[in-house]
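Notes follow once the structure below has been shown.
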Amino acid sequence: MATKHYDLIVVGLGIMGAATAWQASQKKASVLALEVGGPSHREGSSHGATRIFRQAYWEGKDYLQLLRLADAGWRELEHQSNIKLRASTGGIFIGPKSTSVVAGSLETARLGGIQHEHLSADDIRCKFPQFAVFSDMEAVFEPGAYPVFAEESRLQMLNEAVKNGAHLMYGIQVSEFITKHTNPIIKTMSREKISGSALVICAGAWTKDLLPELQSFIKPHWVPIHWFQPRPKSDTLFNETAFPVFLYEDKLGALLYGFPSGLSSERGVKIGFHNRQHVPWNPGQNPPDIKIFANEIANSIENIFPELYPNPRDSRWCIYTMSKDESFVIDKSKSHSKIFFASVCSGHGFKFAPAIGKIMTELGLGLALSADIAHFGISRFHSR
Ligand SMILES: Cc1cc2nc3c(=O)[nH]c(=O)nc-3n(C[C@H](O)[C@H](O)[C@H](O)COP(=O)(O)OP(=O)(O)OC[C@H]3O[C@@H](n4cnc5c(N)ncnc54)[C@H](O)[C@@H]3O)c2cc1C
């Protein structure tokens, strides 16, 4: 039987795979996208209602080009699908003056010409009384930051991809690649073989099993996310008209992030630690009992948000696929010049998905790249 062939095969339909399938389908390429789970499973990193989009990026200016591209991409997706996929909350990034969250956000905002306000502790208390701050704290407020409706956006990317002729297949586990021919070939667990002019691997935490060359650079972690209930009469303080998406770095370096309530059917104010409560993830293993993480976050909530009940009303697991330097790893595999990977995003990649999908499409189809991705290549680890 002849092996089926596509211009581009995408492996994994979390947000990176969905964005790649969507972007590639707009180039009139023949696209096949394969996912081991169902259309909206909760096993990987992309489930849940919301993710933060911000451009005053404390993580540095290297991300600016991709952020601009991604912002345009979210708007384009909203336009194509005719569905509201973002809310206009703005974003506030709070911390002690010299810390990376404040100093880094300010620097990137200035370099990138991103609209922002630099707030003193008194300004924060006055404009955003939901937050308790010390007098040595400052903030950057970015009015153009927003929450993205995450699950809805991912499904709309897939809808658009299907409308443009992409083939999506669920319940299909890709098990290995055959790399000895001009075109790489994927093999599925059911022994089917399909060839592609290019493969884009967006398998999240599972990427390291498909591409063993990445084993030593990637460490997936379980991370919990929690929901908190406002105290009586404080509901309106935390809804989307009053409460921005936020980052808050405390004096001990713990970095919390969160979202207003009422953006989705998830009940309460969604808050998590970005750099705490990480538990090493291994395929097939269950995470520990999530309740053991409640006390630590309750202490932080009590100190930062006096108008929230400190104990989480609900908590759920998600996965961060971390690289050694907490940045992205987007590159070509050394096993074949037409196999690319995009799914190592160290817990802050969702906002970039429309841009990363575009870049992966361009890499796969041999087109000129819309942004420079040299900072995200694997060679940076070899040269250290
Ligand atoms: C709690 C939490 C909060 C976050 N908040 C933000 C935020 O506010 N802003 C932000 O920008 N980012 C945020 N992130 C990070 C962001 O969500 C991730 O970077 C992003 O979702 C990663 O998507 P992915 O497609 O790479 O991986 P995944 O979503 O894990 O997708 C990988 C897919 O590949 C499939 N797969 C795996 N192996 C195979 C195989 N062999 N064959 C077929 N399919 C396979 C999996 O089933 C899965 O569906 C957050 C992450 C978490 C966990």
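Numbering of ligands and ligand atoms starts at 1, following listing order.
- Those atoms of ligand 1 that come under 4.0 Å of a heavy atom in Gly14, given as number and element, are 25 (O), 29 (O), 31 (O), 33 (C), 49 (O).
- Nearest protein neighbour of atom 34 (O) of ligand 1, counting heavy atoms only, is Gly12 CA, 3.2 Å.
- For ligand 1, the atoms closer than 4.0 angstrom to any heavy atom of Ile319 are 53 (C).
- Note: Phe352 and Phe376 fail the aromatic proximity criterion, with ring centroids not under 6.0 Å apart.
- Annotation: Glu35 places an N or O atom under 3.5 Å from an N or O atom of ligand 1; distance criterion only.
- Salt bridge annotation for Glu160-Lys163: present, with a cationic side-chain nitrogen under 4.0 angstrom from a carboxylate oxygen.
- Looking at Arg51 next to ligand 1, an N or O pair under 3.5 Å apart turns up.
- The protein non-hydrogen atom at the shortest distance from atom 27 (O) of ligand 1 is Gly204 CA, 3.7 Å.
- For a threshold of 3.5 Å applied to N or O pairs, the pair formed by Val223 and ligand 1 contains no separation below that value.
- Nearest protein heavy-atom contact of atom 42 (N) of ligand 1 is Val174 N, 3.0 Å.
- Remark: Arg154 fails to qualify as a cation-pi partner of Trp22 under the 6.0 Å distance and 45° angle criteria applied to the six-membered ring.
- The part of His348 lying near ligand 1 is the backbone, judged by heavy-atom distances below 4.0 Å.
- Any N or O atom pair closer than 3.5 Å counts here, and Leu210 shares no such pair with ligand 1.
- Between Glu151 and Arg42 no salt bridge is recorded (no basic side-chain N to carboxylate O distance below 4.0 Å).
- In the candidate list Gly171, Ala33, Ala203, Ala203 is nearest to atom 37 (C) of ligand 1, counting heavy atoms.
- Closest protein heavy atom to atom 32 (C) of ligand 1: Cys202 O, 3.3 Å.
- The part of Tyr320 lying near ligand 1 is the side chain, judged by heavy-atom distances below 4.0 Å.
- Nearest heavy atom pair, residue His226 against residue Ile297, reads CD2-CD1, 3.6 Å.
- At a 4.0 Å cut-off, at least one heavy atom of His41 sits close enough to ligand 1 to count as contact.
- For atom 14 (N) of ligand 1, the closest heavy atom belonging to the protein is Gly347 O, 3.3 Å.
- Of all protein heavy atoms, the one closest to atom 24 (P) of ligand 1 is Ser343 OG, 3.5 Å.
- Considering every non-hydrogen atom in both Met360 and Phe341, the closest pair reads CE-O, 3.6 Å.
- Shortest contact from atom 25 (O) of ligand 1 to any protein heavy atom: Met16 N, 3.0 Å.
- In this structure the side chain of Arg380 never reaches within 4.5 angstrom of the side chain of His375, judged on heavy atoms.
- Among the atoms of Ser45, some N or O lies under 3.5 angstrom from an N or O of ligand 1.
- With distances taken over non-hydrogen atoms, the option nearest atom 9 (N) of ligand 1 out of Thr188, Val344, Thr50, Ile52 is Ile52.
- Checked against the 6.0 Å centroid threshold, Phe243 and Phe131 count as a close aromatic pair.
- Ring to ring, Phe141 and Phe128 are close: their centroids are under 6.0 angstrom apart.
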Margin query: Does Arg54 form a side-chain contact (heavy atoms from CB on, under 4.5 Å) with Leu247? I'd like the steps, not just the answer.
Written below: CA-CA 10 Å; Arg54 58 194 161 85; Leu247 303 177; 3.8 Å; yes
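- Set against the non-hydrogen atoms of Gly44, the atoms of ligand 1 under 4.0 Å away are 30 (O).
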Checklist line | Trace of the side-chain contact (heavy atoms from CB on, under 4.5 Å) decision for Ser327 with Tyr63 | finding: CA-CA 10 Å; Ser327 181; Tyr63 297 89; 2.8 Å; yes
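- The distance criterion of under 3.5 Å between nitrogen or oxygen atoms is not met by Trp206 with respect to ligand 1.
- Looking at Cys318 next to ligand 1, no N or O pair under 3.5 Å apart turns up.
- Taking the six-membered ring for Trp and the full ring otherwise, His348 and Tyr320 have centroids separated by 6.0 Å or more.
- Close N/O approach between Cys345 and ligand 1 is not found [any backbone or side-chain N/O within under 3.5 Å].
- Residue-ligand proximity, Ile172 to ligand 1, at heavy-atom distances under 4.0 Å covers atoms 42 (N), 43 (C).
- Considering backbone and side-chain atoms alike, Ile15 places an N or O below 3.5 Å from some N or O of ligand 1.
- Checked by atom type and distance alone, the side chain of Trp281 never pairs as donor or acceptor with a backbone atom of Val223 at under 3.5 Å.
- At under 3.5 Å, not a single nitrogen or oxygen of Phe259, backbone or side chain, sits near a nitrogen or oxygen of ligand 1.
- Scanning Phe350, Tyr257, Tyr170 for the heavy atom closest to atom 2 (C) of ligand 1 points to Tyr257.
- Judged by distance alone, the side chains of Asp71 and Tyr146 do bring a donor and an acceptor atom under 3.5 Å apart.
- Taking CG of Leu77 as the start and CD of Glu152 as the end, the distance is 9.5 Å to the nearest 0.5 Å.
- The atoms of ligand 1 that sit less than 4.0 Å from any heavy atom of Gln173 are 41 (N), 42 (N).
- Few gaps surround NZ on Lys84; more than 12 heavy atoms of other groups in view lie less than 6.0 Å from it.
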